[in-house]
Structures are given as structure tokens and as C-alpha cells.
A.B. asks: 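Provided herewith is a single structure, encoded as C-alpha cells, for subsequent inquiry.
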Amino acid sequence: VDGQYSIYAHTVSNEGGYVAAIYFNGQQVAVGHGHADSYMPAASHANLSLKRGDYIDIRREWHADKDTSYVIIERV
């Protein structure tokens with residue numbers, strides 16, 4: 001459904017640098033920053049106007065664990 005959406009990407013990082021980057025139609029619109037300390041939380045957030053055919057990607061470092069890495073998309 002076309003409208004305004006809030007996109008939140010959460011993961012953990014132990015390498016530092018950019019993590020959980022949100023891409024909208026191929027363009028980076030938000031990025032989290034990880035810490036080099038024992039799997040610290042890192043997140044990014046974007047409010048976007050989406051319409052049919054748009055796509056969202058989450059890129060960069062991503063910890064493969066369903067309890068610590070997730071994406072929430074809510075219509076606002």
C-alpha cells in the first residue's frame with residue numbers, strides 16, 4: 001500500500017564500521033555504526049514515502065541471528 005513508512009534495522013557488531021545500512025531503490029538512506037567491542041547493538045532508521053514497485057535492502061555488516069538482527073517496517 002502506498003504511504004509513509006518507518007523502517008528500523010537492528011543488529012549487533014563486533015568489528016566496528018558501518019552496519020545495518022538501509023537502501024531505498026538502490027540508494028543508501030540510513031546507516032548504523034558498529035562498535036569493535038563484543039557484539040554491541042547497532043541500528044539505523046529511516047522514514048520513507050513508499051509506493052508499489054519500491055524496494056528496501058539492508059546491507060553492510062549483519063549478524064545472522066534472528067534474536068539480535070531484525071527489521072521492522074511500520075506504516076505511519
Side-chain angles (χ1 to χ4, degrees):
V1 175
D2 294 356
Q4 277 296 118
Y5 288 83
S6 172
I7 295 119
Y8 176 78
H10 179 277
T11 192
V12 294
S13 172
N14 70 338
E15 296 181 16
Y18 298 118
V19 301
I22 299 171
Y23 281 72
F24 171 60
N25 292 335
Q27 299 295 313
Q28 182 177 296
V29 295
V31 66
H33 190 271
H35 303 278
D37 293 339
S38 64
Y39 295 99
M40 297 295 292
S44 58
H45 178 260
N47 287 318
L48 299 170
S49 183
L50 302 178
K51 62 183 186 297
R52 183 178 297 274
D54 289 337
Y55 64 95
I56 302 295
D57 287 323
I58 307 301
R59 301 182 191 172
R60 309 273 181 141
E61 184 184 347
W62 188 258
H63 186 70
D65 181 323
K66 65 180 177 63
D67 295 324
T68 57
S69 297
Y70 52 88
V71 177
I72 298 171
I73 302 174
E74 295 179 315
R75 189 164 187 218
V76 293

A.B. asks: How many angstroms lie between atom CZ of Arg60 and atom NE2 of His33, to the nearest 0.5 angstrom?
C.D. replies: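 If I round to the nearest 0.5 Å, the distance is 10.5 Å.
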A.B. asks: If hydrophobic clusters are built by linking Ile, Leu, Val, Met, Phe, Trp and Tyr wherever their side-chain heavy atoms come under 4.5 Å apart, do Val1 and Ile7 end up in the same one?
C.D. replies: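 Val1 and Ile7: one cluster.
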A.B. asks: Which heavy atom of His10 sits nearest to which heavy atom of Pro41, and what is that distance?
C.D. replies: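 Closest pair (atom of His10, atom of Pro41, distance): NE2-CB, 3.8 Å.
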A.B. asks: With a 3.5 Å distance limit and no angle check, can you tell me whether Thr11 reaches the backbone of Ala20 through a side-chain donor-acceptor pair?
C.D. replies: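 Not at all, since once roles are kept as given, no pair shorter than 3.5 Å links the two residues.
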A.B. asks: Give a yes or no on whether Val29 and Val19 share a hydrophobic cluster (residues Ile, Leu, Val, Met, Phe, Trp, Tyr; joining criterion: side-chain heavy atoms under 4.5 Å apart).
C.D. replies: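 The answer is no; the residues belong to distinct hydrophobic clusters.
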A.B. asks: Evaluate side chain to side chain contact (heavy atoms under 4.5 Å, CB included) for Ile58 paired with Ile22, printing each intermediate quantity in order.
C.D. replies: CA-CA 5 Å; Ile58 307 301; Ile22 299 171; 3.8 Å; yes
A.B. asks: Give me the atom names and distance for the closest heavy-atom approach of Ser44 to Gly32.
C.D. replies: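 Reported closest heavy-atom pair: CB-N, 3.5 Å.
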A.B. asks: Kindly assign one of parallel, tilted or perpendicular to the pair Tyr70 and Tyr8, based on the angle between their ring planes and the thresholds 30° and 60°.
C.D. replies: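 Taking Tyr8 first and then Tyr70, their aromatic rings sit tilted (interplane angle of 30° to 60°).
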A.B. asks: What's the shortest heavy-atom distance between Val31 and Ala21, and which atoms?
C.D. replies: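 Answer, listing the atom of Val31 first, then Ala21: CG2-CB, 3.8 Å.
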A.B. asks: So, taking the atom named CD1 in Ile73 and the one named CD1 in Ile56, what distance separates them when rounded to the nearest 0.5 Å?
C.D. replies: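 The CD1 atom of Ile73 sits 6.5 Å away from the CD1 atom of Ile56.
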A.B. asks: Looking only at heavy atoms, which two atoms of Asp2 and Lys51 are closest? And how far apart?
C.D. replies: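 Taking every non-hydrogen atom into account, OD1-CA, 3.0 Å.
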A.B. asks: Could you measure the distance from the CZ atom of Phe24 to the OG atom of Ser49? Nearest 0.5 Å is fine.
C.D. replies: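 If I round to the nearest 0.5 Å, the distance is 7.0 Å.
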A.B. asks: With hydrophobic residues grouped by side-chain heavy-atom distances under 4.5 Å, do Val76 and Tyr5 end up in a single group?
C.D. replies: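 Val76 does not cluster with Tyr5.
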